[in-house]
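Remarks on the structure that follows.
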2 protein chains.
Amino acid sequence: METQDLKRAGLKVTLPRMKILEILESSNKKHMSAEDIYKLMLDTGDEIGLATIYRVLTQFEGAGLVIRHHFEAGQAVFELESGKHHDHLICIKCGKIVEFLDEAIEAKQKEIAKRNGFRISDHSLIIYGICDNSSCQQR
Amino acid sequence: METQDLKRAGLKVTLPRMKILEILESSNKKHMSAEDIYKLMLDTGDEIGLATIYRVLTQFEGAGLVIRHHFEAGQAVFELESGKHHDHLICIKCGKIVEFLDEAIEAKQKEIAKRNGFRISDHSLIIYGICDNSSCQQR
DNA sequence: ATGTATGCAAAACATTTGCACCTGG
DNA sequence: CCAGGTGCAAATGTTTTGCATACAT
């Protein structure tokens with residue numbers, strides 16, 4: 001029940017906000033752009049403006065409910081904050097995304113930041129490649 | 001003498017292209033946006049269009065002369081291809097960028113890709129933080 | 001010469017903002 | 001009721017493109 005999450009963030013529980021949360025939860029894609037969500041809502045007959053989706057997602061990000069990623073170029077994508085930090089492996093052909101977490105890499109990053117006098121606030125590791133789906137193997 | 005690099009890439013050796021290469025080589029900032037370069041050229045009295053800079057940088061990227069990064073949001077930045085892959089540590093307050101390379105992290109990434117059936121084409125690791133410059137220490 | 005490059009203006013995107021209207025508590 | 005939320009259209013910022021002119025070879 002995330003109505004609590006919304007209230008805790010000082011946000012009213014409105015239809016658009018609930019719908020957007022629902023979509024992020026139930027979609028088979030865990031990483032969605034504002035436009036992905038927009039189209040999905042139009043398809044299901046929900047009336048909404050793209051601007052609202054951007055506004056809501058930005059508020060959710062501020063409230064720590066979602067994370068915004070800037071994969072490659074183009075649009076940002078959003079995923080529900082699961083509480084577990086992870087990095088991403090992305091197939092540049094089919095768009096498949098695999099999440100992973102490697103403690104050794106995490107530790108090394110901390111060490112590198114420390115050595116250079118940085119206090120880490122965040123980090124982003126993305127590995128791009130071609131996955132082993134049959135449809136991705138045409139060279 | 002990079003006129004060779006240009007010719008090898010099938011690009012004519014023109015004034016704008018030479019100037020852009022020169023700026024990327026001689027600037028104290030190794031990572032520059034198209035607009036950074038644009039302003040620098042206008043300042044030094046060179047006549048150029050922003051569109052040309054984008055076109056040239058995109059061609060350079062295709063020719064492997066520069067690398068385009070999409071740090072955070074906003075504009076892309078470009079750096080000369082040095083031949084040595086490296087990752088970045090970026091200060092979110094002053095914009096300072098430190099390059100680093102960690103073999104253990106590189107190896108781990110290969111292992112993770114392999115384990116998930118991905119053939120790596122590229123990867124990007126960016127650590128964001130606050131550096132120890134005096135001007136960055138006001139909390 | 002002649003195929004490429006360039007500059008400019010306009011287009012194309014992704015995202016944000018202003019504002020009048022609507023809605024949740 | 002009324003602060004806050006929404007839809008729409010217009011604004012913004014970045015990058016790309018069309019086209020007529022200029023340049024490199």
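Naming convention: chains lettered A, B, ... in sequence-line order (proteins, then strands); numbering from 1 in each chain.
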Task: Ring centroid separation B/Phe71 to B/His88 under 6.0 Å - done: yes

Task: Minimum heavy-atom distance B/Leu24-B/Phe78, with the two atoms named - done: CD2-O, 3.9 Å

Anything under 3.5 Å between a donor and an acceptor, one on a side chain of residues 47-58 of chain A, the other on a protein residue two or more places apart or in another chain? List them.
from: A/Thr58; atom 1: OG1; to: A/Tyr54; atom 2: O; distance (Å): 2.8
from: A/Thr58; atom 1: OG1; to: A/Arg68; atom 2: NH2; distance (Å): 2.9

- [ ] Looking at every strand, decide which applies to A/Ala34 at a 4.0 Å heavy-atom threshold: base, sugar-phosphate, or nothing.
- [x] nothing

Which side-chain N or O atoms in residues 97-104 of chain B pair as donor and acceptor under 3.5 Å with protein atoms at least two apart or in another chain?
from: B/Glu99; atom 1: OE1; to: B/Lys30; atom 2: NZ; distance (Å): 3.2
from: B/Glu99; atom 1: OE2; to: B/Lys30; atom 2: NZ; distance (Å): 3.3
from: B/Glu99; atom 1: OE2; to: B/His86; atom 2: NE2; distance (Å): 3.4
from: B/Asp102; atom 1: OD1; to: B/Ala104; atom 2: N; distance (Å): 2.9
from: B/Asp102; atom 1: OD1; to: B/Ile105; atom 2: N; distance (Å): 2.8

TODO: Do nucleotides 16-25 of chain D as a string where each nucleotide becomes B, S or -: B if the base has a protein heavy atom under 4.0 Å, S if just the sugar-phosphate does, - if no protein is that close.
DONE: BBB-----BS

Open item on the list: In the structure I gave you, are the side-chain heavy atoms of A/Asp36 and A/Leu40 within less than 4.5 Å of one another anywhere?
Closed with: no

Open item on the list: Checking the side chain of B/Arg17 only, and the main-chain atoms of B/Lys12 only, is there a donor and an acceptor separated by less than 3.5 Å?
Closed with: yes

TODO: Would you kindly give the CE-to-C1' distance between A/Met18 and D/dG5, to the nearest whole Å?
DONE: 15 Å

TODO: Measure the distance from NZ on B/Lys39 to C1' on D/dT14 and round it to the nearest whole Å.
DONE: 13 Å

- [ ] For the pair B/Ser33 (side chain) and B/Ala76 (backbone), establish whether a donor and an acceptor sit closer than 3.5 Å, ignoring hydrogens and angles.
- [x] no

Task: Length of the CD-C1' vector between A/Gln59 and D/dA3, whole Å - done: 14 Å

Task: A/Ile37 CD1 - D/dG7 P separation (whole Å) - done: 14 Å

- [ ] Tell me, please, the opening and closing nucleotides of DNA chain C, 5' to 3', among those with an atom under 4.0 angstrom from a non-hydrogen atom of chain B.
- [x] C/dG3 to C/dA9

Open item on the list: Check this for me: B/Lys96, atom NZ, are more than 12 non-hydrogen atoms of other residues, nucleotides or ligands nearer than 6.0 Å?
Closed with: yes

TODO: Examine the side chains of B/Ser135 and B/Asn133 and answer whether a donor and an acceptor come within less than 3.5 Å of each other.
DONE: no

Open item on the list: Applying side chain to side chain contact (heavy atoms under 4.5 Å, CB included), can you list everything that pairs with A/Ile67, at least two apart in sequence or on another chain?
Closed with: A/His69, A/Glu79, A/Glu81

TODO: Can you tell me the distance, in whole Å, between the CG atom of A/Leu6 and the P atom of D/dT6?
DONE: 10 Å

Open item on the list: Looking at A/Lys110 and A/Glu106, is any side-chain nitrogen of the basic one under 4.0 Å from a carboxylate oxygen of the acidic one?
Closed with: no

- [ ] Toss me the dot-bracket line for DNA chain D: Watson-Crick and G-U wobble, both under 3.5 Å, 5' to 3', using | for pairs to another strand and [ ] for crossers.
- [x] |||||||||||||||||||||||||

